Protein chains: 2
Amino acid sequence: MPQIESTANQSQDIVEQLRMEIITGRLEEGMPLREVSLAERFQVSRAPIREALKQLAHEGMVESKPNCGMRVAPASSESMQELVIPLRQTVESFALKSIFAELSEADFQEWETLLEEMRTACETRDYAQLTELDIKFHQSIVMKSPEQGLMSIWVTLVSRLRRHFLAGFQKPNDPMKVYYEHVAIVAMFRTGKLEPSMQALISNID
Amino acid sequence: MPQIESTANQSQDIVEQLRMEIITGRLEEGMPLREVSLAERFQVSRAPIREALKQLAHEGMVESKPNCGMRVAPASSESMQELVIPLRQTVESFALKSIFAELSEADFQEWETLLEEMRTACETRDYAQLTELDIKFHQSIVMKSPEQGLMSIWVTLVSRLRRHFLAGFQKPNDPMKVYYEHVAIVAMFRTGKLEPSMQALISNID
DNA sequence: TTCTGTTTAATTGTGAACAATATTGCAATT
DNA sequence: AATTGCAATATTGTTCACAATTAAACAGAA
């Protein structure tokens, strides 16, 4: 999001909430999103709801048919995902490179917290929560980058891969695999070696 | 834009107009965009203006400071452009590949028309117009692709390169160069050979 | 003068009513 | 029974009025 300083306004909160519900699959594909229903649910007027939906439409999370309403967008085609995955790898690598030298202990603490939550999500097989945490981890890397507009690009890409997340989690035999992978990533970050860190991050994106 | 069928609504028209004015440099960097002023100019209320500005903000054309208004976003950093150029090449190649087999005479006619306009723009040294036509040419390729959401990604990338256009046009000795390059691209498309066509398209993106 | 705090104005954020458009259901007709 | 036309409903698109927030102007004291 191209906001210079993010003050908490209603529509932004709604965007983040709806985005996560779509990514995690709590809101199924094709489900219509009515402005009045959402307005009642979030206890606000239609205006902030409209803004939120418009933004999600631009991100690719929902589809808009003029005068006919929004609905949760269907998953991207296989070929589309094959296009987007390397794009996402490139963007996140770039983000990591731009922040790597200035990583502080506070950054690592933030990630350690996420890792703990990820561990419990793995243990309880809470795939929706796991998806959310995975997204948040990668998002945090992009968010730390001082490059303006990188986040907008990243969000637009990730929304096309949202199905990829859930699908990827449910197949592996070892349900802790996702957790271990991210532990390895953070550990590699701590070594201070850029190239292997980028490699670890990239290999996690597929 | 993720609209399934594009009916002409006001905010969309405003988006396209403002986007072109920013890309072509008619609206200078840092210039504030006030909702009421724009509402008066376009003879509409603030709501469609707000929607247009929000969309442009997500595309990276304008920056938004909450409760403080929008302004034309400054150009991307050099490193950012170096990131985005190959991304754009990848996206447009993908788009071309997805439409190449079904190109019709109508498509070529559309391009020929653009080429003619491009020629006169080159002859009259109208760099703003030339920028607009260049964008429209590449945009048309992405637009023809049936892949949903490709346009959103493309727009987000191009907005980061908008300075690149104007700068690239004003330097070459031969002012017709831009025209010739696009003529060559379309001619290559007509041969029906995919790989060289993609190469021609890519080489034009730098 | 320079700094600080307060007031004032400008601007965005939100709410609510109205208009325009698309969808749905129903009836009349073939 | 299937189809077409029409009315009723639901939904979005737009306008206007108001609240909340921010930035600027200004006065007063060190």
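Note on naming: letters A, B, ... go to the chains in the order of the sequence lines (proteins, then strands), and numbering restarts at 1 for each one. Every value quoted in this text rests on a predicted model; they were computed, and no experiment measured them. Values reported hereafter were calculated over all heavy atoms of this structure, with side chains retained and with hydrogens, waters and symmetry mates removed.
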Is the closest basic N to carboxylate O distance between B/Arg190 and B/Glu105 below 4.0 Å?
yes
Here the distance between atom P of C/dT11 and atom CZ of B/Arg71, to the nearest Å, is 15 Å
Test: B/Glu29 and B/Arg163 ion pair at under 4.0 Å:
yes
Can you name the side chain to side chain donor-acceptor pair (under 3.5 Å) partners of A/Glu82, sequence neighbours left out?
none
Among D/dT15, C/dG13, D/dG13, the nucleotide that comes nearest once only the side chain of B/Ala47 is considered
D/dT15
Considering only heavy side-chain atoms of B/Ser45, the closest of D/dT12, C/dT14, D/dT15 is D/dT15
Gap between atoms CD and C1', on B/Glu63 and C/dT12 respectively (whole Å)
17 Å
Sorted by number, residues from residues 26-43 of chain B placing a heavy atom under 4.0 Å from DNA chain C are B/Leu33, B/Arg34, B/Glu35
Check the distance between C/dG13's C1' and A/Asp13's CG and give it to me in whole angstrom.
13 Å
Partner of A/Lys144 under side-chain hydrogen bond (donor to acceptor under 3.5 Å, both in side chains), chosen from A/Gln139, A/Glu110, A/Glu102
A/Glu110
Run the salt-bridge test on A/Arg41 and A/Glu21 with the 4.0 Å N-O cut-off and return the result as yes or no.
yes
Set of residues satisfying side chain to side chain donor-acceptor pair (under 3.5 Å) with respect to A/Glu78, sequence neighbours excluded:
none
Pick out the pairs of N or O atoms, protein on one side and nucleotides 17-19 of chain D on the other, that lie under 3.5 Å.
none

Residue list, side chain to side chain donor-acceptor pair (under 3.5 Å) with B/Ser98, at least two apart or on another chain
B/Ser145
Looking only at the side chain of A/Asn67 (C-beta and beyond, no hydrogens), which of the listed nucleotides C/dT21, D/dT14, D/dT22 gets closest?
C/dT21
With no hydrogens and no angle check, is any side-chain donor or acceptor of A/Gln89 less than 3.5 Å from a backbone partner on A/Ile205?
yes
Consider only side-chain N and O atoms of B/Ser76 and A/Gln148, and report whether a donor and an acceptor are under 3.5 Å apart.
no
Respond yes when some side-chain nitrogen or oxygen of A/Lys65 is under 4.0 Å from OP1 or OP2 of D/dT12, and no when none is.
no
Side-chain donor-acceptor contact under 3.5 Å, A/Asp107 with A/Ser104
yes
Five-pair end axes of the helix from C/dT1-D/dA30 to C/dT30-D/dA1, angle between them (10°)
20°
Of the candidates D/dA23, C/dT14, D/dT14, the side chain of B/Cys68 sits closest to D/dA23
Taking CZ from A/Arg50 and P from D/dT11, how many angstroms apart are they, rounded to a whole number?
14 Å
Do B/Gln55 and B/Glu51 have a side chain donor and acceptor closer than 3.5 Å?
no
Spacing between A/Ile14 atom CD1 and C/dT14 atom C1', to the nearest angstrom
11 Å
Over how many whole Å does the gap from B/Ile49 atom CD1 to D/dG13 atom P extend?
16 Å
